[in-house]
Asker: 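Here it is, the structure, as structure tokens.
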Amino acid sequence: MFTILGIPSQALFGQLLLGLINGSFYALLSLGLAIIFGLLNIINFAHGAQYMMGAFLTWMLLSYFGVGYWWALLLVPVLVGIFGLVLERLLISRLHHLDHLYGLLLTFGLALIIQGLFRIRYGVSGLPYGIPLTLAGGQNLGFMFLPNYRLWVILLSLSVCLATWLVEKTKLGAYLRAATENPTLVQAFGINVPRLITLTYGGGVGLAALAGVMAAPIYSVNPNMGADMIITVFAVVVIGGMGSIAGSIVTGFALGLIEGLTKLLYPEASSTVIFIIMAIVLLLKPAGLFGRRV
Amino acid sequence: MGDVASHSLLRVEGLDAWYGESHVLHGLGFEVRDGEVVTLLGRNGAGKTTTLRAIIGILRQREGSIQFAGHEIIRASSDAIARLGIGYCPEERGIFASLSVRENLLLPPVIRPGGLSLDQIFALFPNLRERVDSQGTKLSGGEQQMLAIARILRTGARLLLLDEPTEGLAPVIIKQIGRTIHELKRQGFTIVLVEQNFRFAAQLADRHYIVEQGRVVDMIENAVLDRNIDKLHAYLGV
Amino acid sequence: MTRYTRSFLILIALLVIGPHILYPIFLMKVLCFALFACAFNLLLGYGGLLSFGHAAYFGMASYVCAHAAKIWGWPPELCILLGTSAAALLGLIFGALAIRRQGIYFAMITLALAQMIYFFALQAGFTGGEDGIQSVPRGNLFGVINLANDLALYHVVALIFLGGFWMIFRIVHSPFGQVLKAIRDNESRAISLGYRASQYKLLVFVLSAALAGLAGATKVIVFQLASLTDVHWMMSGEVILIVLVGGMGTILGPVVGAFVIVAMENYLAPLGAWVTVIQGLVFVVCVLLFRQGIVGLFQRHPARLKKST
Amino acid sequence: MEAEPILATRNLTIAFGGFRAVDGVSLIIKQGTIHALIGPNGAGKTTCFNLLTKFLAPTSGSIIYKGRDITSLRAADIARLGIVRSFQISAVFPHLTVLENVRIALQRQRGASFDFWRSERALKAFDKPAMVLLEDVGLEDFAGLPAGQLPYGRKRALEVATTLALDPDMLLLDEPLAGMGHEDIQRMAALIRHVAANRTILMVEHNLSVVAALSDRISVLARGRLLAEGDYASISQDPQVIEAYLGTGHG
Amino acid sequence: EIDVKIGILNDRSGVYADLSGEGSVIAARMAVEDFKATDKGIRVNIVSADHQNKPDVGSSIARQWYDQEGVDAIFDVPTSSVALAVSQVTREKNKIFIDSGAGAADLTGKQCSPNTIHWTYDTWALANGTGGAMVKQGGDTWFFITADYAFGHALERDTTALVEKSGGKVLGSVKHPFPGSDFSSFLLQAQASGAKVIGLANAGGDTINTIKQAAEFGITQGGQKLAGLLIFITDIHALGLQVAQGLVLTEAFYWDLNDATRAWSKRFAERSDGKMPSMVHAGVYASVLHYLKAIEATNSKDASVVMAKMKEMPTDDPLFGKGQVRIDGRVTHDMYLFEVKKPEESKGDWDYYKLLATIPAAEAFRPLNEGGCPLVK
Ligand SMILES: Nc1ncnc2c1ncn2[C@@H]1O[C@H](COP(=O)(O)OP(=O)(O)OP(=O)(O)O)[C@@H](O)[C@H]1O
Ligand SMILES: Nc1ncnc2c1ncn2[C@@H]1O[C@H](COP(=O)(O)OP(=O)(O)OP(=O)(O)O)[C@@H](O)[C@H]1O
Ligand SMILES: [Mg+2]
Ligand SMILES: [Mg+2]
């Protein structure tokens with residue numbers, strides 16, 4: 001056994017691995033946020049609430065209908081995604097021609113409403129949700145005990161990120177980016193932009209819900225779970241470069257790692273560190289690490 | 001103009017259009033036959049751009065009748081109109097900053113076979129081939145104009161709406177574009193061209209419509225342009 | 001000019017009648033938030049800069065003022081002055097960093113800097129962590145006027161508010177204000193005319209931060225309390241809400257907005273958990289239907305946010 | 001007999017990544033002349049302007065103005081020395097009135113306008129000279145209109161009036177005639193000739209007839225490099241210029 | 001005939017909404033009914049509001065209640081910072097404040113007030129119960145996972161003192177940012193320390209997440225015990241026994257302690273969708289009862305008169321039994337050390353605790369002379 005920075009290497013590896021796992025949540029959440037920002041030019045403040053809805057719906061499916069984790073993994077993103085579609089069609093679409101600020105405020109209001117309603121119905125202490133039996137237990141890696149569920153989280157998140165990134169490289173990605181800049185013109189090229197926007201919002205919301213399903217077994221399922229996370233996820237998106245898919249994925253994982261290291265070396269700073277990095281990045285690279293536009 | 005009607009690809013009648021409160025087009029009408037190049041000439045602010053925007057459906061506040069290939073499109077949304085086979089090259093170019101030159105070029109979906117291939121396009125605009133991987137808006141003003149024209153040539157649209165395609169271009173490029181339009185016409189494209197530069201337009205067009213304060217006030221066949229040159233100058237205030 | 005004079009007179013009349021109709025402490029809270037919102041509006045509505053971290057200046061001033069009053073036993077006027085200066089200084093440092101960026105990036109960098117202040121306030125000793133600084137004495141103004149009397153305090157707060165309000169009016173309608181408008185409209189053109197745009201932006205940033213600090217410090221004297229709420233990002237969000245509800249880029253908008261929002265918070269408190277739901281609804285309704293804000297509804301050409309893509 | 005050079009560049013170069021948009025350009029612009037910069041699209045003309053006015057920093061090379069090296073100054077300071085530019089896309093302050101647009105420029109001359117404590121009535125003094133400038137460009141009837149509502153051609157005229165308000169020694173005009181109707185082109189050309197009486201002008205323009213009529217000297221850029229220099233007659237015969245810019249069969 | 005207006009000021013939308021919230025209003029109403037106040041000529045009016053866990057919101061509501069709405073006494077007020085602020089306002093306005101929900105031991109210590117009573121628990125009592133009693137049961141080496149703010153620091157400090165006093169040893173601690181969501185990293189550090197007990201000096205969602213993740217990483221299976229320093233039955237309900245089993249904690253009240261508590265809790269549950277009361281609800285009930293008794297006895301609602309009576313009269317109610325209000329405002333009663341049952345031991349909903357030890361009133365709270373309260377001479 002050797003030491004790095006005065007820390008036994010084993011502990012270090014353990015912490016880095018954990019950081020990576022956390023990073024997969026950041027990546028997944030910021031991915032949805034980045035997609036939505038990319039196309040709608042809206043900072044989706046309701047993202048945290050939609051993540052929370054994902055976790056709650058998972059719990060509801062189990063307690064009201066006896067539907068377990070695996071089905072939830074499929075059903076919940078679709079259901080919450082549809083909810084997103086409806087929101088977009090009914091409310092958000094009315095703001096497309098305005099400054100981003102209005103979208104941010106609208107979704108902020110929506111977040112308050114959604115969280116409030118859940119709070120009134122379910123309280124704030126949270127609801128129990130167990131780890132699916134097939135994923136119970138864990139692996140002894142020598143330097144740490146790695147629960148199987150965490151392993152699953154990281155694998156699933158990586159594949160979802162990869163898939164999204166590949167989609168972005170396609171024609172669809174170009175449509176999305178172009179429609180962000182000048183929807184009128186893109187529509188005049190024969191693309192049904194309103195539908196594109198609605199579906200994209202639904203997709204982004206679905207990703208948030210997926211993260212919610214994944215979180216239910218390990219984090220407290222309560223109405224505030226998203227609100228606590230959303231600012232950090234914003235920071236990830238900004239550092240990565242607003243709207244950049246690759247940026248938010250890479251930054252999500254990287255910040256998970258950095259946060260993990262800070263938790264070990266100077267835990268008090270572990271939530272501040274993200275904002276310090278954000279400030280530095282914005283000063284040096286105004287459009288974020290992967291952003292192209294200023 | 002009754003004999004024209006049977007072959008007309010685009011027929012605009014009694015077109016009124018508004019920007020918010022301001023009424024810009026007042027019963028404007030003209031026709032374009034299949035395979036023709038027709039220009040809209042007129043002073044600044046006459047309503048030429050507005051006419052094109054109303055046809056493609058970007059400007060939604062419009063009334064009257066616009067028939068394209070037998071379809072009434074006055075109520076249709078712009079994506080539906082584009083899919084019927086109209087390509088639009090806007091005045092402000094509309095190059096996407098977040099897309100590379102290649103992506104900009106490939107953006108408009110191909111709606112029909114018969115468009116130009118990438119190679120043909122690069123042969124037409126060599127500048128673009130060189131800068132194909134750079135960001136769309138990092139091109140110079142003129143290069144952006146080339147890109148804006150180039151990208152609708154790919155789609156196979158039958159009717160091209162070009163809004164001042166030569167603005168800000170070097171003479172050598174203007175000549176190229178002239179040749180291109182000529183070639184496009186030969187291949188059977190129908191083109192509506194908005195131009196300030198009527199010398200350029202005269203080399204290409206079959207007919208010229210004069211737009212003044214939101215109305216078509218005159219139509220001059222290109223064949224008789226020379227005889228009417230004074231009248232034209234009067235219209236354009238040259 | 002007469003229109004402005006009329007607005008001023010109405011405002012003064014309302015301030016005079018106010019405490020006879022409504023609970024003075026409630027009014028003082030409204031005034032503090034109104035001043036805060038006016039300061040924010042100066043930056044957003046006239047400078048075109050959306051700061052997402054204005055709570056930092058409001059909160060920093062309140063901590064400094066509370067500390068000076070409670071621990072050093074300074075008189076209230078000096079505490080408020082010190083708090084305001086601290087906010088101005090912070091504004092100078094953060095502003096110098098932030099104004100180099102634009103649009104959404106400006107908003108995000110101010111948010112990041114403000115979050116650091118939040119964590120600082122949470123962990124620094126003198127701020128009292130999540131307990132905040134409590135039991136701040138109101139003291140005697142200039143050693144003579146006892147501010148423990150709510151009405152006396154009300155009049156002082158009303159004067160501070162009027163002073164701040166007038167100053168913002170002055171700034172907006174000054175030669176400096178003209179240049180500011182020009183920069184907001186078209187920055188590169190202003191530079192090409194020889195204006196060092198960043199210095200103007202910095203100055204308005206500092207002025208806005210200082211006035212936000214003035215509001216924060218005054219609030220401490222009223223409520224005898226400085227707490228984490230003052231530096232939390234929700235406070236930055238709330239001031240945006242106030243300005244939005246009242247009407248962005250209008251002189252009276254933030255004042256009206258502050259009245260509505262503070263009243264809502266106060267009078268809805270018995271509804272418990274429904275408060276957030278109702279607040280959310282107000283947000284949504286405002287954004288969808290009343291974007292020009294309440295004051296904007298009555299004006300013909302309210303300033304709007306430029307669409308910046 | 002030869003006029004003094006007012007602005008000169010030495011080996012001015014800027015590279016974006018590996019791409020040299022302006023590559024070793026050495027220009028000499030003589031006092032009191034109208035100097036045109038022409039060249040095919042993407043030749044680097046606008047970039048050159050951006051370098052001269054410090055909206056971009058050169059990778060290498062130097063800029064000398066009235067014998068002084070100004071390579072390291074900032075954009076606002078360049079303007080203060082008397083070099084003022086216009087933009088390829090018209091630049092006005094859309095929410096200020098036409099009069100205020102001009103006044104903003106006049107206001108700069110009275111020094112820094114950081115006085116936030118004074119009433120804007122202090123600016124009334126500039127209304128008269130501003131109106132005079134507006135009359136010069138034929139905009140006096142629009143003084144109270146927000147500049148954003150002006151038609152395109154008039155915006156360019158306003159831009160010129162604003163620029164003249166600074167009473168610059170040197171004007172840099174980027175395609176001042178682009179997008180103008182014939183009427184406006186005449187008016188603008190006349191205006192340029194008028195203001196050139198006691199100033200130096202560097203201008204980018206594709207409208208060759210105007211370039212031919214106005215300019216004393218022409219530099220042709222192509223691919224970031226200086227291709228040719230001279231008066232219109234000699235330039236238009238230069239085979240390289242014909243090949244790169246004018247195209248064959250030009251006439 | 002006396003008109004009394006009491007205000008229930010608590011968290012109705014945040015982390016403490018379940019353990020205080022509407023339940024506290026129900027408890028207060030039950031107290032008024034059980035006391036048969038109207039029969040005794042005391043008309044009681046109850047108002048309530050949400051302080052959102054923000055001291056500024058709390059203190060301005062309190063001020064407005066006293067100034068404008070004629071509220072005579074304020075009850076409950078969870079969240080230490082709000083409680084301290086309300087205590088200050090109450091003193092300034094010379095009214096009565098009886099806290100049930102907050103933990104701040106300072107309320108009856110350095111910041112004590114002649115107008116404030118602290119009923120249910122405080123951080124010192126929890127630290128004493130869990131820290132002291134655990135060591136006696138063999139858990140003599142500790143590692144803390146502490147929320148990085150004053151409240152967390154205080155919990156850790158108090159518990160450390162008591163652990164060391166009882167002969168235990170603290171091996172280390174780690175401070176986590178507040179609020180946090182992932183604690184696995186800190187749990188690994190705790191695991192690596194080899195301490196027998198991992199003390200959770202945090203609250204609310206943070207504690208719940210820590211416990212959930214401790215189960216996931218097999219911390220308790222590894223033989224270490226988790227000790228919650230501020231955790232309530234509502235939290236256990238949220239976690240489920242599968243995850244929470246084996247956790248050790250201290251509470252002032254449990255519905256299933258004896259016949260009296262069971263009977264009252266059953267009535268409470270009927271009124272609140274079957275939810276069992278928390279110790280905070282019980283505290284509100286008992287404190288309102290005591291307050292009304294004092295009013296009846298003095299036939300006055302003058303703050304100093306009633307306060308004096310409340311301190312003079314021993315407390316006695318079905319939920320906390322007999323006790324007293326000390327001069328510093330601290331109410332003393334028995335405290336209990338519980339362990340959370342295994343799922344198979346539980347007979348159904350809300351059957352969560354095994355009693356490990358009872359800490360008698362005399363030892364349960366900080367000795368009068370150690371608090372630094374100026375009222376104590
Ligand atoms: N977005 C708009 N809002 C309001 N009015 C507009 C708008 N765009 C154009 N107009 C007005 O509509 C009229 C017609 O404008 P249009 O752009 O169609 O003219 P044009 O003939 O294309 O002129 P140009 O040669 O300058 O391009 C003008 O009076 C113009 O001021
Ligand atoms: N910021 C930049 N990054 C990368 N390349 C750039 C940038 N700005 C300009 N270029 C490139 O530099 C070249 C010169 O551009 P410039 O705008 O100076 O051309 P121009 O001579 O003004 O052309 P036009 O007459 O078409 O306006 C172009 O090929 C352009 O793509
Ligand atoms: Mg036009
Ligand atoms: Mg150019």
Side-chain angles (χ1 to χ4, degrees), chain C residues 22-30 32-33 59 62 66 70 115 118-119 121-125 127-138 148 150 216 219-220 222-232 234-235 238 262 265-279, chain E residues 7-14 17-18 20-22 24-25 46-69 79-89 91-92 102 104 106 111 113 147-154 175 177-179 203:
Chain C
L22 291 165
Y23 180 49
I25 297 202
F26 162 73
L27 281 180
M28 287 191 262
K29 184 169 181 187
V30 171
C32 291
F33 277 91
S62 66
K70 187 173 176 184
Q115 281 301 99
Y118 174 79
F119 287 114
L122 186 65
Q123 279 163 1
T127 56
E130 77 284 5
D131 287 350
I133 305 180
Q134 306 211 351
S135 316
V136 178
R138 280 182 180 173
D150 282 351
K219 203 210 78 167
V220 163
V222 176
F223 287 99
Q224 303 173 260
L225 180 79
S227 75
L228 282 179
T229 321
D230 303 340
V231 278
H232 197 259
M234 286 290 285
M235 181 64 86
E238 185 161 325
V262 173
E265 271 169 14
N266 251 42
Y267 294 109
L268 293 183
L271 291 180
W274 285 99
V275 174
T276 49
V277 178
I278 295 171
Q279 265 182 339
Chain E
I8 309 295
L9 181 58
N10 58 22
D11 177 8
R12 301 170 76 84
S13 50
D18 286 347
S20 60
E22 183 59 21
S24 293
V25 179
I46 300 178
V47 292
S48 64
D50 183 6
H51 64 43
Q52 300 168 28
N53 297 322
K54 293 179 190 164
D56 52 335
V57 176
S59 75
S60 59
I61 294 174
R63 235 177 250 278
Q64 186 152 3
W65 272 358
Y66 291 142
D67 281 352
Q68 293 258 292
E69 300 185 15
T79 310
S80 298
S81 52
V82 189
L84 290 168
V86 171
S87 172
Q88 184 224 325
V89 174
R91 181 177 200 166
E92 189 188 313
D106 268 358
Q111 307 210 37
S113 143
D148 191 18
Y149 60 96
F151 182 70
H153 297 175
K175 301 203 170 33
F178 161 83

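Worth saying up front: this structure is predicted, and the values here are computed from it rather than measured. The sequence lines fix the lettering, A, B, ..., with proteins before strands; numbering per chain opens at 1.
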Asker: Taking C-beta and beyond as the side chain, do C:I25 and E:D67 meet within less than 4.5 Å on heavy atoms?
Answerer: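 Answer yes - side chains close enough.
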Asker: With a 4.5 angstrom heavy-atom cut-off, is it the side chain or the backbone of E:A17 that approaches chain C, or both, or neither?
Answerer: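 No part of E:A17 comes within 4.5 Å of chain C.
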Asker: Heavy atoms, side chains only, cut-off 4.5 Å: are C:K29 and E:Q64 in contact?
Answerer: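 With C-beta onward as the side chain, the pair stays apart.
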Asker: Which bit of E:E92 is near chain C, if near means a heavy-atom gap under 4.5 Å: side chain, backbone, both or neither?
Answerer: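 E:E92 touches chain C through side-chain heavy atoms alone.
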Asker: Using non-hydrogen atoms and a 4.5 Å limit, figure out which bit of C:S135 sits close to chain E: side chain, backbone, both or neither.
Answerer: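 Contact with chain E involves both backbone and side-chain atoms of C:S135.
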Asker: Using the rule side-chain contact (heavy atoms from CB on, under 4.5 Å), only one of C:L225, C:L228, C:V220 pairs with E:D56; which is it?
Answerer: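 Of the listed residues C:L225, C:L228, C:V220, the side-chain contact (heavy atoms from CB on, under 4.5 Å) partner of E:D56 is C:L225.
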Asker: Quick check on E:S59 against chain C: is it the side chain, the backbone, both or neither that has a heavy atom closer than 4.5 Å?
Answerer: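 The side chain, not the backbone.
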Asker: E:R91: what forms a salt bridge (charged side-chain N to carboxylate O under 4.0 Å, His left out) with it, not counting sequence neighbours?
Answerer: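 By the salt bridge (charged side-chain N to carboxylate O under 4.0 Å, His left out) rule, E:R91 matches no residue at all.
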Asker: Examine whether an atom of E:Q88 lies under 4.5 Å from a heavy atom of chain C, and if so say whether it belongs to the side chain, the backbone or both; otherwise answer neither.
Answerer: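 Contact with chain C is through the side chain of E:Q88 alone.
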Asker: If every non-hydrogen atom of E:S81 is compared with every non-hydrogen atom of C:Q134, which pair is closest and at what distance?
Answerer: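 So the minimum-distance heavy-atom pair works out to O-NE2, 2.8 Å.
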Asker: Hey, what do you get for NZ (E:K54) to CD (C:E265), rounding to the nearest 0.5 Å?
Answerer: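 These two atoms lie 6.5 Å from each other.
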Asker: May I have the step-by-step check of side-chain contact (heavy atoms from CB on, under 4.5 Å) for E:Q52 and C:M234, ending in yes or no?
Answerer: CA-CA 13 Å; E:Q52 300 168 28; C:M234 286 290 285; over 6 Å; no
Asker: Rounded to the nearest 0.5 Å, how far apart are OG of E:S60 and CE of C:M28?
Answerer: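 Spacing of OG (E:S60) from CE (C:M28) equals 11.5 Å.
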